[in-house]
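Report on one structure; see the data block that follows.
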2 protein chains.
Amino acid sequence: MPGTTTTGQASIMDVSVDCVIFGFDEQKLKVLIIDQKQMVKSMPVAHLQSALPGDLVRQEESFDHAAQRVLKELTNLSGIYLKQFHAFGDPYRVRMKKDQEWLNALRENPERRVVTIGYYSLVNMVDYKPKASSFAGKARWVDVYEIPSMAFDHNQIVDKALDMLRHELIADNIGFELLPEKFTLSQLQHLYEIVLDKKMDKRNFRKNVLKMENLQPLDEKQKGVLHKPAQLYQYQRKK
Amino acid sequence: MPGTTTTGQASIMDVSVDCVIFGFDEQKLKVLIIDQKQMVKSMPVAHLQSALPGDLVRQEESFDHAAQRVLKELTNLSGIYLKQFHAFGDPYRVRMKKDQEWLNALRENPERRVVTIGYYSLVNMVDYKPKASSFAGKARWVDVYEIPSMAFDHNQIVDKALDMLRHELIADNIGFELLPEKFTLSQLQHLYEIVLDKKMDKRNFRKNVLKMENLQPLDEKQKGVLHKPAQLYQYQRKK
DNA sequence: TCAAAAGTGTTGCATCTACACCCATGG
DNA sequence: CCATGGGTGTAGATGCAACACTTTTGA
């Protein structure tokens, strides 16, 4: 019987957000993951467990806020492109043998079901300065095509985030978010080629992006490159 | 500190699913809502409260399963197009004054935060036979452009579902799901015109849909209409 | 024979794709 | 002066929008 019509059954769960933070370093599309020392009884020495940055949603906090908080704590960046993309609610998503011991060490209520809201965000890697000791574990960028095995269903979460990123890149031209404030059209094109994993025609690409509003040429060119310096552009965020 | 790195804070919440069930009656796009008698102390007589069909997710149940269950209980249909589209997590989404009394009467733990996963589904209204007494309240179809004020944030949930429906209708041609098994191209076109709220050109529309695979003409025509009978088609679901 | 919706092609315009050479700079 | 990536235009193909008349049926 529906919750809106009846008392239903109690269904206590923890709710978390997990962030798939994409960055682009001019060569590769990367994702930020956390490596943590894993201290479990059955292990003589600690070993590393990789996971997405995430956290339980606090009692008076919206999902969006929780995601922003995680992102801020990790990268110290704010005003970043951030988007909810899917809720992951498999009842066994944190129940795999591989994760059980770690969870026991980690959570107050390790037996409790955890559902998670997936967010992805796009950051300019040049802006990102890892905060020294913000985490027990270390954050690192990994190539999106070479992601290690992670805790829980985090690999699936990344796969889905990547699907969404590709869709949005095409539909909404969000590529700028991954680049430094000032960028060249070649950088932008290169980003598209890597994320979408296909080559594009230079002239056609330029024709397309140049007819966008809020893409503004600057009075400024690249410097110190050993070829003809490129025009720099910036993206004027819609208000 | 991220949930994956620390114990975090306890954050007990109820998790529900809410379903926006779209139907199409050849004239209008409709949504199924529940009217329930509301018995609250401050009211001398019961009055009606409208809401989306929804329920708390059970302890060992996935989101998808919970959504299917709600849909089944309400319409007795299965094998229906059903899609998760957004998670709603505003901490105050069930805290509005207008909802407080009702919630108190309704839930074991009315003070508890409730987050909800929104699903939308598409049903053929011809298949839908309301189950007599499956709900305390009565289900009814309402025109999507004339939806009454509902409990909680359910009006927003419908708005977002409608956005998503429009996107998917264009991108993935899911319109068949709302029509009877056998349908004419004019019915299909009419559906598009109503959902997207714009007129379309008959010849161009036909050119477009006819080049889809898995749209099959049948050896059968409309009967008993007072005009030239139309060719019937069916949609061959992708395996 | 009338009313009502079904069904059918073509043309112009806009958009997309493919493609190759000269330019500016630093070393 | 060489190497490197920056920057530019066009022609042909494709896709999309606009548009009107004939057909079939039941009443």
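Chain letters run A, B, ... following the sequence lines, proteins first, then strands; residues in each count from 1.
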Partners of [X] by salt bridge (charged side-chain N to carboxylate O under 4.0 Å, His left out), sequence neighbours excluded?
| X | result |
| --- | --- |
| Lys160(B) | none |
| Glu181(B) | none |
| Arg140(B) | Asp35(B) |

Between the base of dG7(D) and the side chain of Arg206(A), is there a donor and acceptor pair under 3.5 angstrom?
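Checked by distance alone, the answer is no.
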Ignoring hydrogens and angles, are the base of dG9(D) and the side chain of Arg203(A) linked by a donor-acceptor pair under 3.5 Å?
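Such a pair exists between side chain and base.
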Go through the steps for Leu165(B) and Leu122(B) under the test side-chain contact (heavy atoms from CB on, under 4.5 Å), then give the verdict.
CA-CA 9 Å; Leu165(B) 171 61; Leu122(B) 309 185; 3.8 Å; yes
Side-chain heavy atoms of Ile80(A) within contact of Lys72(A), under 4.5 Å:
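Side-chain contact under 4.5 Å: no.
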Below 3.5 Å between N/O atoms, which protein atoms pair up with nucleotides 24-27 of chain C? Just atom names and distances, please.
from	atom 1	to	atom 2	distance (Å)
dA24(C)	N3	Lys228(A)	N	3.1

Do the ring planes of Tyr128(A) and Trp141(A) sit parallel (below 30°), tilted (30 to 60°) or perpendicular (above 60°)?
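It falls in the perpendicular class, over 60°.
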All N/O pairs under 3.5 Å across the protein-nucleotides 10-17 of chain D interface:
from	atom 1	to	atom 2	distance (Å)
dT10(D)	O4	Lys207(A)	NZ	2.8
dA17(D)	N7	Asn204(B)	ND2	3.4

Let me check something: any side-chain donor-acceptor pairs from residues 189-200 of chain B under 3.5 Å, sequence neighbours excluded? List them with distances.
from	atom 1	to	atom 2	distance (Å)
Gln189(B)	NE2	Glu193(B)	OE2	3.1
Gln189(B)	NE2	Met200(B)	O	3.0
His190(B)	ND1	Glu26(B)	O	2.9
Tyr192(B)	OH	Asn173(B)	ND2	2.9
Glu193(B)	OE2	Met200(B)	N	2.9

What stems, by residue range, does DNA chain C take part in, given at least 3 consecutive Watson-Crick or G-U pairs under 3.5 Å?
C:1-27 with D:1-27
Nearest-0.5 Å distance that lies between atom OG in Ser121(B) and atom CZ in Phe85(B)
10.0 Å
N/O donor-acceptor pairs under 3.5 Å from side chains in residues 218-234 of chain B, not counting sequence neighbours:
from	atom 1	to	atom 2	distance (Å)
Glu220(B)	OE1	Lys182(B)	NZ	3.0
Gln222(B)	OE1	Ala230(B)	N	3.1

Return the residues of residues 186-202 of chain B meeting this criterion: a heavy atom under 4.0 Å from some atom of DNA chain C. Order them by number, or give none.
Ser186(B), Lys202(B)
Report the residues that fulfil side chain to side chain contact (heavy atoms under 4.5 Å, CB included) with Asp25(B), sequence neighbours left out, ordered by chain and then residue number.
Gln27(B), Lys28(B), Lys30(B), Met125(B)
The test is side-chain contact (heavy atoms from CB on, under 4.5 Å); show your working for Leu82(A) and Asp64(A) and say whether it passes.
CA-CA 8 Å; Leu82(A) 185 73; Asp64(A) 288 2; 5.8 Å; no
Considering only residues two or more places apart or on different chains, which pairs with a residue in residues 61-82 of chain B satisfy ring pair (Phe, Tyr, Trp, His ring centres under 6.0 Å)?
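Sorted pair list comes back empty.
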In whole Å, what is the span from the CG atom of Leu185(B) to the P atom of dG7(C)?
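Rounded to whole Å, this separation is 7 Å.
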Distance, rounded to the nearest Å, where Phe205(A) contributes CZ and dC16(C) contributes C1'
15 Å
Contacts of Asn204(B) that satisfy side-chain hydrogen bond (donor to acceptor under 3.5 Å, both in side chains) - sequence neighbours left out
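Here the qualifying residues are Asp201(B), Lys207(B).
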Classify Gln231(B) by what it touches in the nucleic acid, base, sugar-phosphate, or nothing, heavy-atom distance under 4.0 Å.
sugar-phosphate
